[in-house]
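Everything quoted here is computed from the prediction, not taken from an experiment.
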Amino acid sequence: MIGSTISWLLNLYWYFILARILISWFPDVNDTAIGRFIIRVTEPYLAPFRRFIPAVRLGSVYLDLSVIVAIFAFYFIENGLLWIVESILQLFGLS
């Protein structure tokens, strides 16, 4: 039960990250209550990636590649965290 709850929360956060990518394509959405909420929830995770991976300039537009790296990192973090939780639960006989 604990493992499935953590998995559900991680999946929910994954959808917030995807929503953040989508609203970046529509700048007017950033000013809505939902847009501000999604930005506030995802920025703590995405900001460190932006700090180390600068946006690439394509003419007059910038392409943020840090989000792609953040998505790959999230996949590995999610799998690692779920493995750790399942191992701890098995260790204590709770799974």
Side-chain angles (χ1 to χ4, degrees):
M1 176 153 152
I2 295 171
S4 63
T5 302
I6 292 173
S7 179
W8 184 84
L9 290 171
L10 289 170
N11 283 330
L12 179 64
Y13 197 73
W14 169 258
Y15 288 117
F16 277 124
I17 292 172
L18 290 179
R20 171 72 182 263
I21 293 167
L22 291 176
I23 66 171
S24 71
W25 297 343
F26 304 101
D28 293 338
V29 179
N30 292 340
D31 296 329
T32 65
I34 294 172
R36 287 190 302 268
F37 175 75
I38 290 171
I39 289 170
R40 189 172 45 241
V41 168
T42 58
E43 190 60 25
Y45 176 70
L46 296 175
F49 292 97
R50 279 199 206 97
R51 200 172 322 134
F52 295 107
I53 304 169
V56 176
R57 185 177 177 146
L58 297 173
S60 63
V61 190
Y62 285 91
L63 180 63
D64 186 9
L65 298 176
S66 64
V67 176
I68 296 169
V69 175
I71 288 173
F72 281 115
F74 187 85
Y75 173 77
F76 290 112
I77 292 167
E78 178 183 23
N79 286 329
L81 183 62
L82 290 175
W83 179 81
I84 290 169
V85 168
E86 289 297 323
S87 297
I88 290 172
L89 291 175
Q90 286 178 358
L91 182 66
F92 292 108
L94 298 173
S95 71

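- Distance OG/Ser24 to CD1/Ile38: 11.0 Å, rounded to 0.5 Å.
- In this structure, Leu65 places its CG atom where more than 12 heavy-atom neighbours from other residues, nucleotides or ligands lie under 6.0 Å away.
- Distance OG/Ser7 to CG/Leu12: 11.0 Å, rounded to 0.5 Å.
- Nearest heavy-atom pair, Phe49 versus Ala70, reported as atom, atom and distance to 0.1 Å: CD1-CB, 3.6 Å.
- A continuous path of hydrophobic side-chain contacts links Val67 to Tyr15 [ILVMFWY only; heavy atoms under 4.5 Å].
- No side-chain heavy atom of Phe37 sits less than 4.5 Å from a side-chain heavy atom of Thr32.
- Leu10 is linked by a side-chain contact (heavy atoms from CB on, under 4.5 Å) to Ile6, Phe74, Glu78, Leu81, Leu82, counting only residues two or more places apart in sequence or in another chain.
- Here Ser87 pairs with Trp83 under the side-chain contact (heavy atoms from CB on, under 4.5 Å) rule; sequence neighbours left out.
- Taking 4.5 Å as the limit, some side-chain heavy atom of Ile21 sits within range of a side-chain heavy atom of Ile71.
- Side-chain N or O atoms of Arg36 include one that pairs as donor or acceptor with a backbone N or O of Asp31 at under 3.5 Å.
- Transitive grouping of hydrophobic side chains (ILVMFWY, heavy atoms separated by less than 4.5 Å) brings Val29 and Trp25 into a common cluster.
- Following chains of ILVMFWY side-chain contacts shorter than 4.5 Å, one can reach Leu94 starting from Trp8, so the two form part of one hydrophobic cluster.
- Transitive grouping of hydrophobic side chains (ILVMFWY, heavy atoms separated by less than 4.5 Å) brings Ile34 and Trp14 into a common cluster.
- Here the side chains of Asn30 and Ile23 are in contact, with some heavy-atom distance below 4.5 Å.
- Grouping the Ile, Leu, Val, Met, Phe, Trp and Tyr side chains by contacts below 4.5 angstrom, directly or via other members, places Val69 with Ile17.
- Put simply, the side chain of Tyr62 never gets that close to the backbone of Pro54: no donor and acceptor are under 3.5 Å apart.
- Between Ser66 and Arg50, the shortest heavy-atom distance links the atoms OG-CG, 3.2 Å.
- To the nearest 0.5 Å, atom CD1 of residue Ile77 and atom OH of residue Tyr13 are 10.0 Å apart.
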